[in-house]
Amino acid sequence: MTVNRRRFLSTTVLSGIGVAAIAGRASAFSEQSCDPSSGTQACRELIRHHELLSKLDEELEKKGLDEPHRKALLAMAVCPFCGQPLIG
């Protein structure tokens, strides 16, 4: 079977239009702002991570650690609830 250039270009353009149409409707990933009143699980976890991070920073400051050491320890900290890094 031979394909001429006109047929090849027309099918290529049509498939590109189809992909663009599907991509325009896809909204699997969307950016949302999280606030304390938000009811989503992801926002609650993010807020919890920020709270844990600030408490840990306060504790490390009370122990007299300088800022570079505190930042290094905070970078290694993981959430005791979900196991994810607190700094993402």
Side-chain angles (χ1 to χ4, degrees):
M1 176 175 151
T2 60
V3 177
N4 63 20
R5 186 168 44 175
R6 181 174 289 166
R7 180 173 168 86
F8 174 75
L9 290 175
S10 68
T11 57
T12 305
V13 169
L14 289 177
S15 3
I17 291 171
V19 169
I22 292 171
R25 289 192 318 244
S27 61
F29 298 105
S30 62
E31 190 172 320
Q32 300 176 359
S33 61
C34 290
D35 58 57
S37 64
S38 177
T40 64
Q41 179 68 26
C43 288
R44 286 194 304 265
E45 288 300 318
L46 182 64
I47 292 167
R48 181 189 281 185
H49 282 190
H50 287 297
E51 290 170 352
L52 288 170
L53 197 58
S54 65
K55 286 179 185 177
L56 180 59
D57 191 29
E58 288 173 13
E59 292 295 320
L60 292 174
E61 192 173 1
K62 285 179 188 176
K63 292 195 181 271
L65 292 173
D66 59 349
E67 188 162 342
H69 287 106
R70 278 196 341 259
K71 285 188 176 187
L73 289 172
L74 291 173
M76 294 186 302
V78 294
C79 177
F81 304 106
C82 69
Q84 295 297 315
L86 290 177
I87 297 178

Self-check item: Rounded distance [0.5 Å steps], CG in Leu86 versus CG in Leu46
Solution: 10.5 Å
Quiz item: Which is it for Leu53 and Leu74 under the side-chain contact (heavy atoms from CB on, under 4.5 Å) test, yes or no, and what are the steps along the way?
Solution: CA-CA 7 Å; Leu53 197 58; Leu74 291 173; 3.8 Å; yes
Quiz item: Would Ile87 end up clustered with Leu65 when hydrophobic side chains under 4.5 Å apart are linked, directly or stepwise?
Solution: yes
Self-check item: Where at least one partner belongs to residues 46-64, residue pairs that pass side chain to side chain donor-acceptor pair (under 3.5 Å), sequence neighbours excluded
Solution: Asp57-Arg70
